[in-house]
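Shown next, in structure tokens, is the structure this report addresses.
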There are 2 protein chains.
Amino acid sequence: MAHESPTFSPLYRQIRNLIVQALEAGEWQPGQAIPSEQELALRFGVSQGTVRKAIDELAAENILVRRQGKGTFVSTHQDPRAVFRFLRLKAINGGPVLPKSMPLECMRGKAGQEAARNLGIAPGSQIIIVRRVLKLEGKPVVIDEMYLPGDVFQGLSIEQLKDWQGSLYSLFESRFGVRMVRATEKVRAVAAERAVAEVLGVAENTPLLSVERVAYSYGDKPVEWRRGLYSTADHFYINELS
Amino acid sequence: MAHESPTFSPLYRQIRNLIVQALEAGEWQPGQAIPSEQELALRFGVSQGTVRKAIDELAAENILVRRQGKGTFVSTHQDPRAVFRFLRLKAINGGPVLPKSMPLECMRGKAGQEAARNLGIAPGSQIIIVRRVLKLEGKPVVIDEMYLPGDVFQGLSIEQLKDWQGSLYSLFESRFGVRMVRATEKVRAVAAERAVAEVLGVAENTPLLSVERVAYSYGDKPVEWRRGLYSTADHFYINELS
DNA sequence: TAGTGGTCTAGACCACTCC
DNA sequence: GAGTGGTCTAGACCACTAG
């Protein structure tokens with residue numbers, strides 16, 4: 001039989017995708033439990049083992065979290081432990097410290113070529129630009145500039161950012177239904193310009209990490225492009241290779 | 001029943017560890033196939049499904065590689081595709097390019113406090129220090145300084161390093177039986193000192209990435225401590241977050 | 001005690017590779 | 001065609017959590 005379908009995928013992956021679709025549709029909210037494996041097996045008309053393998057994949061991707069004896073839960077950025085899933089910053093002396101976000105600006109604008117390419121939108125589309133400082137132990141360590149698609153984050157304001165207690169991604173999750181699932185970062189070394197140096201409390205031309213990130217939601221949809229400048233006087237960017 | 005054994009581990013993990021032990025003992029060499037799941041199941045007296053789950057874990061850790069229809073293989077740094085498993089460097093314009101290693105030095109020395117701590121050996125133990133430059137497309141991009149435990153890498157010489165065609169880790173694997181399995185990297189931004197700047201062909205004080213790595217072999221044994229200085233004029237350090 | 005996920009088994013069939 | 005890993009199923013029992 002000559003069927004040249006590149007669309008074949010095993011049953012468990014189809015189930016995986018059905019679960020992701022239900023998540024996208026908002027059927028189960030972050031932090032909540034999804035139905036048991038038995039129930040899902042019944043619903044999709046497959047065996048429990050197949051559902052299990054689908055959930056295994058989603059758990060490996062940090063989209064779901066299993067808890068023995070309790071159920072399987074939609075992972076959430078509300079969880080304080082989730083903060084360091086995307087923030088690879090550690091203090092040189094001592095472990096991770098909960099960062100505090102200090103919003104500086106929140107402006108409307110139009111997407112340039114680069115922002116459009118990274119966000120997968122048309123040049124000229126409305127975007128929102130957020131600038132903020134991240135403080136660790138009271139000291140400014142990171143200055144971030146974020147580019148967000150305007151249609152997704154409609155209504156985002158500086159007041160909202162200032163009022164929010166918690167991580168930016170937990171705000172995005174609970175106010176805009178946007179759940180960051182994975183990201184790609186490109187790291188380079190750059191010299192601190194005067195304005196940046198002042199904010200971070202370092203000398204002009206001090207070497208800084210430039211961390212450029214594209215973050216994706218379900219279905220590999222890019223929903224954030226950001227560039228951070230990290231002072232690595234007292235901190236480093238940590239990475240596990242395997 | 002009050003048994004306070006924290007040593008419990010499921011059968012498939014015990015099988016996993018038995019397979020790792022066999023790998024450590026050199027029963028199967030890098031690049032070679034290990035016995036089929038059926039054979040292993042027979043050998044260990046468990047079902048094929050349990051062996052499968054053990055191999056699943058080892059494949060997720062990149063210690064084994066499955067190939068449908070052919071068998072399961074011991075992963076190897078000889079494979080050119082494996083080079084970028086530990087080298088997170090990409091050209092700003094274009095994809096990855098095969099790097100060329102240029103050894104500069106290979107000296108004997110004694111471990112200081114820091115080297116001893118990172119390598120898990122006694123201060124004063126014999127170590128080998130290797131310095132080399134990594135060239136991409138003919139241009140020097142990285143300068144590395146490596147600290148290796150002397151007992152493991154006995155006999156390593158500058159001639160051997162210069163003669164070797166291939167990655168450093170493939171040399172370690174085939175000549176010393178040392179197989180790097182995972183690593184931790186700490187990234188910071190630093191200014192180029194004069195000597196380094198000259199080697200990398202950049203101006204003095206140019207911001208560089210400082211990448212400090214501890215690499216581990218089977219059983220989480222640290223076998224390499226290195227520090228690399230990366231020029232990010234034409235390249236960046238890439239990282240996937242999830 | 002009931003319900004959840006976690007482990008383990010056994011067997012069937014599919015997809016891929018090689019001879 | 002024979003052998004490998006890949007998928008799918010069904011059922012049993014274990015470990016953990018909660019009421």
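Order of the sequence lines fixes the chain letters, A, B, ..., with proteins taken first and strands second; residue numbering starts at 1 for each chain. All values derive from a computational prediction rather than experimental measurement.
Counting only N and O atoms by type, the side chains of B/Arg179 and B/Tyr218 include a donor and acceptor under 3.5 Å apart. For the residue pair B/Tyr169 / B/Glu224, a side-chain donor-acceptor distance below 3.5 Å is found, with atom types taken as modelled. A donor-acceptor contact closer than 3.5 angstrom is absent between the side chains of A/Glu114 and A/Trp225. With no hydrogens or angles considered, a side-chain donor-acceptor pair links B/Ser101 and B/Arg132 at under 3.5 Å. For the 3.5 Å distance criterion, the side chains of A/Gln14 and A/Tyr12 fail to qualify, holding no donor opposite an acceptor.
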Once each nucleotide of nucleotides 5-14 of chain C is scored for protein heavy atoms under 4.0 Å, what B/S/- sequence comes out, 5' to 3'?
BBBSBS----

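B/Phe73 has its CZ atom 12 Å from the C1' atom of C/dC18, to the nearest Å.
As the counterpart of C/dA12, D/dT7 is assigned, both hydrogen-bonding distances of the Watson-Crick or G-U wobble pattern falling under 3.5 Å.
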